[in-house]
Every structure is written in C-alpha cells, then in structure tokens.
Trainee: 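This is the structure I have questions about; it appears just below.
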Amino acid sequence: DRMLFQLMLFPPQASTNAAEVDSIYFFMVVLCTVMAVAVVSAMVWFGVRYRRTPENQVGADIHGSTPLELFWSGVPFLIVMGIFAWGTSIYFKLVIPPANPMEVFVTGKQWMWKIQHMNGRREINNLHVPVGQPVRLSMAAEDVIHSFYVPAFRVKQDVIPGRYSQMWFEATTPGTYHLFCAEYCGTEHSRMIGSVTVMQPAEYQSWLTTGNPAPTDAP
C-alpha cells in the first residue's frame, strides 16, 4: 500500500470540490487524447491512401462540402462551449463559499505562512481545521506575491501585497495534507511548505482552546 501511494500521480480527493475539479480535468485529458489520435491517424491514412504514384498524376479538383464544413466546425464549437459551461459552474462553486463559514486569517511572508484563528490561536506553516466545516481564508502578503496551494483540496489562491484575497474549502477526510507556496517568491521559495491537519470537530475544538490564545489582531 505504501508503494502504491508513492506511485500515485494525483493527491487524494479530500475536499467537497475535489472530485468535480478532477472530473473536468480527466474529461479534457481523454478528449484531447482521442482527438490527437484521430487527427494523427487520419493524417497517416490519407498520406498512404492518396499518395501520388505515377509522376504525372494530377489530383481531382475538389471544391469541398458545406455539410462537412458545418459538421467539423459545429461539433467542436458545441464541445468547447460545454466545457466552458462546466468549468464556469465549478469556478463559481470554488469562489463562492457557503453561508457562515469558519474564518481563518493567513499572512504570507518570505518564507512562511502565518495563520490566526478567530479566538487568537496562531500557527506557522500549519493549519488545523475541522472536517465537514466550510472554512474561508482571508489572506494577505507582507512582501511579495505568494500562492496558497493545498493539492488534496484542489484549491490555490494568489496572495498579493496591498490586497486581501479569499479562498474557501470544506475538508471531507481527517488527515494531514501538504501545503505549498505555488508562486516563486525568492531564494527560499522551495522551503515555504507546511501542512493542513483535518480533525474531527470535537478534537479540533479541544485543540483550539488549548494554550493561551492571544487577543486577535487580524484584519
């Protein structure tokens, strides 16, 4: 099982939107593969079937076919518009959080993620969240552009100086997942990594109230 996990090409689907993001991605990969094979196969077949053999052979004067032109223009148009509508639907799900999400504040700086919960509990390069609870991150950068990326949740959002950006997710499976900065932000960019720990709600509440949280100074 460990070896199989290491050979996986994709991280686990650990958020409510992950499956839909993967679905449109795999659909486009399959579609592009089928179209590439069809086009290359047609090129090879036509090249062999209609190659000129006698040196003086002249090809037939063909003026085209209106129905055929409409077909190979209309079908790709409908496919592309279908992908556009599908992608737009997923995009709105990714950017519009449900009502009353849990709020967490994130600050990116060279080269760490500083995180603060509503009760003042702070973390660095780690984010603890409860399973089954929508979480909205309000994010800002202190210096250069960073990008908050959690592959298992299929979410990524640029964090830009002088601007607040937001991102939301709802984790579905307890566990620990990778957190990366996906925007080159300086010499130690590759070390700007962390983790997201998804916990059962009761376990999360216990973790949140331990220690001595300071009064919140988040924006």
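Source: prediction; values computed, not measured.
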Trainee: Are any of the side-chain heavy atoms of Cys181 and His189 separated by less than 4.5 Å?
Mentor: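 A side-chain contact under 4.5 Å exists here.
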Trainee: Between Gln200 and Pro130 (side chain of the first, backbone of the second, donor and acceptor by atom type, cut-off under 3.5 Å), is there such a pair?
Mentor: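 Not at all, since once roles are kept as given, no pair shorter than 3.5 Å links the two residues.
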Trainee: Hey, quick one: are Val131 and Val155 part of the same hydrophobic cluster, counting side-chain heavy atoms closer than 4.5 Å, chains of contacts allowed?
Mentor: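 Yes; Val155 is reachable from Val131 via cluster members.
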Trainee: Supply the atom-to-atom distance Phe153 CZ to Asn17 CG, rounded to the nearest 0.5 angstrom.
Mentor: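 The distance works out to 11.5 Å.
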Trainee: Decide yes or no for Met192 and Met112: does some side-chain heavy atom of the first lie under 4.5 Å from some side-chain heavy atom of the second?
Mentor: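 Side chain of Met192 against side chain of Met112, heavy atoms only: no contact under 4.5 Å found.
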Trainee: Arg154 and Glu20: salt bridge (Lys or Arg N to Asp or Glu O under 4.0 Å), yes or no, with the steps?
Mentor: CA-CA 10 Å; Arg154 309 301 193 269; Glu20 286 193 84; over 6 Å; no
Trainee: Within this structure, what is the CD1-CD1 distance for the pair Ile160 and Ile145, rounded to the nearest 0.5 Å?
Mentor: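 The CD1 atom of Ile160 sits 5.5 Å away from the CD1 atom of Ile145.
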Trainee: Using a 3.5 Å distance criterion without hydrogens, assess whether the side chain of Asn126 forms a donor-acceptor pair with backbone atoms of Val196.
Mentor: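 Absent.
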Trainee: Val30: which residues meet the side-chain contact (heavy atoms from CB on, under 4.5 Å) condition with it, sequence neighbours left out?
Mentor: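 Scan of Val30 (side-chain contact (heavy atoms from CB on, under 4.5 Å), adjacent residues dropped) gives Val34.
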Trainee: If the plane angle is over 60° it's perpendicular, under 30° parallel, otherwise tilted; pick one for Trp207 and His128.
Mentor: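 The arrangement is parallel - the two ring planes meet at less than 30°.
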Trainee: Between Ser15 (side chain) and Phe169 (backbone), is there a donor-acceptor pair under 3.5 Å?
Mentor: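 A pair under 3.5 Å: no.
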Trainee: Side chains of Thr173 and Pro12, heavy atoms from C-beta outward: is any pair under 4.5 Å?
Mentor: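 Thr173 does not reach Pro12 side chain to side chain.
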Trainee: Donor-acceptor pair, distance only, cut-off 3.5 Å: does the side chain of Asp143 make one with the backbone of Gln110?
Mentor: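 Here the side-chain-to-backbone pair exists.
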Trainee: Counting neighbours of CZ on Phe71 that are heavy atoms of other residues, nucleotides or ligands and sit closer than 6.0 Å, is the number greater than 12?
Mentor: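 12 or below, so no.
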Trainee: May I ask you to decide if Val37's main-chain N or O and Ser41's side chain share a donor-acceptor pair within less than 3.5 Å?
Mentor: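 Such a contact is found between Ser41 side chain and Val37 backbone.
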Trainee: Sequence neighbours excluded and cut-off under 3.5 Å, please list the side-chain donor-acceptor pairs for residues 73-92, or say none.
Mentor:
unit_1: Ser73; atom_1: OG; unit_2: Glu69; atom_2: O; d: 2.9
unit_1: Thr88; atom_1: OG1; unit_2: Phe84; atom_2: O; d: 2.7

Trainee: Under 3.5 Å, is there a donor on one side chain and an acceptor on the other for Thr209 and Arg121?
Mentor: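 Side chains of Thr209 and Arg121: no pair found under 3.5 Å.
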Trainee: Quick check against the 3.5 Å criterion: does Trp113 have a side-chain atom that pairs as donor or acceptor with the backbone of Leu179?
Mentor: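 Pair absent, no side-chain N/O of Trp113 close to backbone of Leu179.
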Trainee: Are Tyr149 and Val159 linked, directly or through other ILVMFWY residues, by side chains that come within less than 4.5 angstrom of each other?
Mentor: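 Result: no, two separate clusters.
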Trainee: Between Glu103, Glu123, Arg122, which is the residue that forms a side chain to side chain donor-acceptor pair (under 3.5 Å) with His117?
Mentor: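 Considering Glu103, Glu123, Arg122, a side chain to side chain donor-acceptor pair (under 3.5 Å) with His117 is found only for Glu123.
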Trainee: Taking the side chain as every heavy atom from C-beta outward, state whether Phe148 and Leu137 have any atom pair closer than 4.5 Å.
Mentor: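 Counting from C-beta outward, Phe148 and Leu137 do come under 4.5 Å.
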Trainee: Side chains of Tyr184 and His146: donor-acceptor distance under 3.5 Å anywhere?
Mentor: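 No, His146 and Tyr184 have no side-chain donor paired with an acceptor closer than 3.5 Å.
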